[in-house]
Amino acid sequence: MTGTTQAARHDWNLTPAEAIQLQRELAGRVRMDRLLRPPETVAGLDVAFGPGRSHVYAVVAVYRLTPLELIDRSVAVLPVTFPYVPGLLSFREAPALLAALEQLAVRPDCLLVDGHGYAHPRRFGLACHLGVLLEMPSVGCAKSVLVGQYEEPTPERGEWTPLRDGDEVVGAAVRTRSGVRPVFVSVGHLVDLASAIQITLAASSGKYRIPEPLREADRLSRMLAREGDPRLAQRYSRVVRSRTSRRHGPAPDYRSDVTTTARGTSARRRPARRKSKR
DNA sequence: GCGACAG
DNA sequence: ATCTTGTCGC
């Protein structure tokens, strides 16, 4: 899949009302019925915001599952152009994450996203959005619930209970580490819930609540965001990538099909019209 | 009208 | 998410 999907591209310069309509349309493309052969590599995706919340620092951390180890990383920084609105996270974070994915040296078998997938008001959270645009398997892994209710799973790592929104099972509360709060897993795209849970557990060491790929993406994005220098952050990603790819040999090229650029310096025609609260 | 509300 | 000090526990 190297820039061959035409349908998987759209404008990000939308109003909240337009964004909601787009989600309703794209939600029809989510596929959670396909069986997934066990992935060998999983990419953790997360973002952090720089000083004044002016820029989004996106990081992708690719891990091999056995053994669980970091094999590649990439960074992208873009100006913030959309407010934080529960249910519309994609329009604030996805452009930067897609830009980071484009700079990756290796193509991961699956995406593990910091946020929900199907467990969303319109069944189209950030993980679904990325999976559908890239046409690749993705899993949503959030630290708190957006929609739905669940019963506490027993304390042992590996245990889980369904997350239900009305009669529908939209995800699962998964215990990635014994004795701590569960994480909330849901289908992103091209995986079923059982696989999504397995992938989340496989990416978790058991020493921390957050799966390793997401911990690393979170750690690096926050570190770079604190520096507050977009240009330096992007340069840093190149250094890291050449370093890791040198040790593991040449990696297959990665190309996404999205129109976003890695350097996003051009001003949007329709900038964020209000600041997020809280 | 009053909460709830991924990051 | 980000802003922040100390504190409880392995």
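Sequence lines set the chain letters: A, B, ... in the order given, protein chains first and strands last, and positions in each chain run from 1.
A cation-pi arrangement is found for A:Arg92 relative to A:Phe49, the charged atom lying closer than 6.0 Å to the ring centre and inside a 45° cone about the ring normal. With a 6.0 Å cutoff to the six-membered ring centre and a 45° limit on the axis angle, A:Arg222 does not count as a cation-pi contact of A:Tyr57.
When the nucleotides B:dG7, C:dT2, B:dA6 are ranked by their closest atom to the side chain of A:Lys143, B:dG7 comes out on top. Distance from the side chain of A:Pro86 is smallest for B:dC5 among the nucleotides C:dA1, B:dC5, B:dG7.
Ion pair A:Arg175/A:Glu159 not flagged as a salt bridge, since none of the NZ, NE, NH1 or NH2 atoms sits closer than 4.0 Å to an Asp/Glu carboxylate oxygen.
With rounding to whole Å, A:Arg209 atom CZ is found 20 Å from C:dG9 atom P. Remark: P of B:dG7 and CG of A:Leu78 are 21 Å apart, rounded to the nearest angstrom. Rounded to whole angstrom, the span from the CG atom of A:Leu97 across to the C1' atom of B:dG7 amounts to 11 Å.
As judged by a 4.0 angstrom heavy-atom cut-off over every strand, A:Leu88 is placed among the base-contacting residues. Among the atoms of the strands shown, none is found under 4.0 Å from any heavy atom of A:Arg226. When heavy atoms are screened at a 4.0 angstrom cut-off, A:Ala119 is found touching no nucleic acid atom at all. As judged by a 4.0 angstrom heavy-atom cut-off over every strand, A:Gly87 is placed among the base-contacting residues.
When atom types are taken as modelled, the side chain of A:Arg64 and the backbone of A:Thr41 share no donor-acceptor pair closer than 3.5 angstrom. Between the side chain of A:Asp114 and the backbone N or O of A:Leu45, no donor-acceptor pair lies under 3.5 Å.
Of the residues in residues 145-172 of chain A, A:Val145, A:Leu146 come within less than 4.0 Å of DNA chain B through at least one heavy atom, sorted by number.
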Original post:
Can A:Tyr118 and A:Glu168 be said to form a side-chain hydrogen bond (donor to acceptor under 3.5 Å, both in side chains), step by step?
Top reply: CA-CA 11 Å; A:Tyr118 193 76; A:Glu168 187 176 24; 2.5 Å; yes
Subject >> Test log, rule side-chain hydrogen bond (donor to acceptor under 3.5 Å, both in side chains), inputs A:Ser205 and A:Glu212 >> reply: CA-CA 7 Å; A:Ser205 66; A:Glu212 245 55 39; 3.3 Å; yes
Subject >> Secondary structure string for DNA chain B (Watson-Crick or G-U under 3.5 angstrom, | for other-strand pairs) >> reply: .......
**OP:** Treat a base pair as Watson-Crick or G-U wobble with both distances under 3.5 Å, then lay out DNA chain C in dot-bracket form, 5' to 3', with | for cross-strand pairs.
**Re:** ..........
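One finds a side-chain N or O of A:Ser144 lying less than 4.0 angstrom from the OP1 or OP2 phosphate oxygen of B:dG7.
Taking CD of A:Gln21 as the start and CG of A:Leu26 as the end, the distance is 10.0 Å to the nearest 0.5 Å.
The minimum heavy-atom distance linking A:Glu135 with A:His189 is given by the pair CA-CD2, 4.4 Å.
Here A:Tyr84 counts as stacked on B:dG7: its ring centre is under 5.5 angstrom from the base ring centre and the planes meet at under 30°.
Here A:His10 and A:His129 bring their ring centres to under 6.0 angstrom of each other.
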